[in-house]
Colleague: 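My questions will all concern the structure given below.
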There are 2 protein chains.
Amino acid sequence: MLLSVDPASNLPLFEQLVTGLRGQIIAGSIAAGDRLPTARDLADSLDVNVHTVLRAYQMLRDEGFIDLRRGRGAVVADRAQDFSQLSIGVSRLVDEAKALELTPGALSALIREAWEK
Amino acid sequence: MLLSVDPASNLPLFEQLVTGLRGQIIAGSIAAGDRLPTARDLADSLDVNVHTVLRAYQMLRDEGFIDLRRGRGAVVADRAQDFSQLSIGVSRLVDEAKALELTPGALSALIREAWEK
DNA sequence: ACCTATTTGTCCGTATGTATG
DNA sequence: CCATACATACGGACAAATAGG
């Protein structure tokens with residue numbers, strides 16, 4: 001079983017999906033290159049709406065854990081399990097960002113803009 | 001007029017809303033402390049769905065530009081207009097991230113993790 | 001302390017578009 | 001050309017937090 005959700009939880013369904021899937025990706029029980037079930041299939045098996053799964057998938061894509069594209073589905077990113085090793089330089093970057101009184105989301109937005117140039 | 005959207009554009013409606021509002025916030029034509037129209041009001045005036053506006057509002061909140069809460073509405077954040085001055089430091093952060101061969105999404109995910117500690 | 005109106009938050013359903021293979 | 005699968009947008013319903021009376 002890939003995962004389960006609790007409709008009675010105080011946590012939103014899409015949040016449960018994100019944390020559940022992300023945890024398994026980081027843990028390695030879902031390997032890089034693995035294909036996640038289609039949003040429709042996972043939604044049916046968990047008895048939730050397709051949009052709820054898609055919202056979770058899109059969050060995981062924004063976080064870089066999966067590659068999500070039309071017509072192809074969701075594939076666990078190659079770099080997903082390497083993230084733990086890359087955090088060395090990041091903490092310093094975060095410290096600087098905090099000194100600038102940025103929020104995490106703001107920094108991410110600014111980074112995406114700056115990345116293009 | 002606060003802004004306008006073009007249904008025929010190749011850009012999604014929520015994206016037009018985000019860039020339009022963010023631009024005005026950065027430019028200062030919408031000042032810190034200003035209250036944005038309720039999602040329903042803006043949706044009605046632009047003839048788009050409430051969910052489309054809410055999605056845009058939630059993105060602006062994630063980016064730190066507005067304070068968005070149930071029952072209160074959307075208020076432009078105090079730090080919002082300082083963002084234009086922060087781009088200098090960000091480009092340097094991005095350069096370092098690129099040197100580490102990070103993807104934008106990967107960096108965002110790492111940042112959110114590191115932010116907690 | 002209570003009630004009510006306001007406003008966002010989540011979820012469901014449906015329809016249509018669009019990139020992929 | 002066609003089936004697949006995500007992307008966006010619309011609509012409706014109810015829940016939950018907030019503010020004010």
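Throughout, a chain's letter reflects where its sequence line sits, starting with A, and its residues are numbered from 1. Just so it is clear, the values below take in all heavy atoms, side chains as well, and ignore hydrogens, waters and symmetry mates.
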Colleague: Quick one: do B:Leu21 and B:Leu54 end up in the same hydrophobic cluster if we chain Ile, Leu, Val, Met, Phe, Trp and Tyr together by side-chain heavy atoms under 4.5 Å apart?
Modeller: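 Result: no, two separate clusters.
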
Colleague: Could you state the interatomic distance from CG (B:Leu17) to OH (B:Tyr57), rounded to the nearest 0.5 Å?
Modeller: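 Going from the CG atom of B:Leu17 to the OH atom of B:Tyr57 covers 8.5 Å.
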
Colleague: If only atom types and distance count, is the side chain of B:Arg35 paired as donor or acceptor with the main-chain N or O of B:Arg72 below 3.5 Å?
Modeller: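 Between the backbone of B:Arg72 and the side chain of B:Arg35 there is a qualifying donor-acceptor contact (under 3.5 Å).
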
Colleague: Give a yes/no on whether any side-chain N or O of A:Gln58 is located under 4.0 angstrom from OP1 or OP2 of D:dA7.
Modeller: yes

Colleague: Just to verify, what does B:Arg40 make a salt bridge (Lys or Arg N to Asp or Glu O under 4.0 Å) with, not counting sequence neighbours?
Modeller: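 For B:Arg40, no residue satisfies salt bridge (Lys or Arg N to Asp or Glu O under 4.0 Å) once neighbours in sequence are set aside.
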
Colleague: In residues 34-44 of chain B, what residues come within less than 4.0 Å of DNA chain D, judged by heavy atoms?
Modeller: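 Those residues: none at all.
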
Colleague: Let me check the geometry of the helix from C:dC2-D:dG21 to C:dG21-D:dC2. What is the bend angle between the axes at its two ends, five pairs each, to 10°?
Modeller: 20°

Colleague: Along DNA chain C, 5' to 3', what are the outermost nucleotides having an atom less than 4.0 Å from a heavy atom of chain A?
Modeller: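 In short, chain A contacts DNA chain C from C:dT10 to C:dG21.
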
Colleague: State, yes or no, whether a side-chain contact exists between A:Ile25 and A:Ile66 at a heavy-atom distance under 4.5 Å.
Modeller: yes

Colleague: Mind checking the CE-CG spacing from A:Met59 to B:Asp62? Nearest 0.5 Å is all I need.
Modeller: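 These two atoms lie 7.5 Å from each other.
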
Colleague: CG of B:Leu54 versus P of D:dA9: gap in Å, rounded?
Modeller: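 B:Leu54 atom CG is separated from D:dA9 atom P by 13 Å.
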
Colleague: What string of B, S and - do you get for nucleotides 11-21 of chain D 5' to 3' if you count protein non-hydrogen atoms under 4.0 Å?
Modeller: BB---BBSS--

Colleague: Between A:Leu2 and A:Phe14, is there a shared hydrophobic cluster once you connect ILVMFWY residues whose side-chain heavy atoms come closer than 4.5 Å?
Modeller: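 Same cluster.
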
Colleague: CD of A:Gln58 to CZ of A:Arg55: how many Å apart, nearest 0.5 Å?
Modeller: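 The distance works out to 9.5 Å.
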
Colleague: Any side-chain heavy atom of B:Leu68 within less than 4.5 Å of one from B:Leu60?
Modeller: no

Colleague: Mind listing the residues from residues 3-20 of chain A sitting with a heavy atom below 4.0 Å of DNA chain D? Number order is fine.
Modeller: none

Colleague: Check the surroundings of atom CG in A:Asp47: do more than 12 heavy atoms from other residues, nucleotides or ligands lie under 6.0 Å from it?
Modeller: no

Colleague: How long is the straight-line distance from CG of A:Asp41 back to CG of A:Leu46, given to the nearest 0.5 Å?
Modeller: 10.5 Å

Colleague: For the pair B:Arg22 and B:Thr19, evaluate side chain to side chain contact (heavy atoms under 4.5 Å, CB included) and give the outcome as yes or no after the intermediate values.
Modeller: CA-CA 5 Å; B:Arg22 184 171 48 201; B:Thr19 58; 3.8 Å; yes

Colleague: Out of curiosity, does A:Val50 fall in the hydrophobic cluster containing A:Leu36 (side-chain heavy atoms, cut-off under 4.5 Å, transitive links)?
Modeller: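 Looking at the clustering, A:Val50 is in a separate group from A:Leu36.
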
Colleague: Rounded to the nearest 0.5 Å, what separates atom CG in B:Leu13 from atom NE2 in B:His51?
Modeller: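 Rounded to the nearest 0.5 Å, the CG-NE2 separation comes out at 14.5 Å.
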
Colleague: For residues B:Leu42 and B:Val75: do they belong to one hydrophobic cluster (side chain heavy atoms under 4.5 Å, members Ile, Leu, Val, Met, Phe, Trp, Tyr)?
Modeller: no

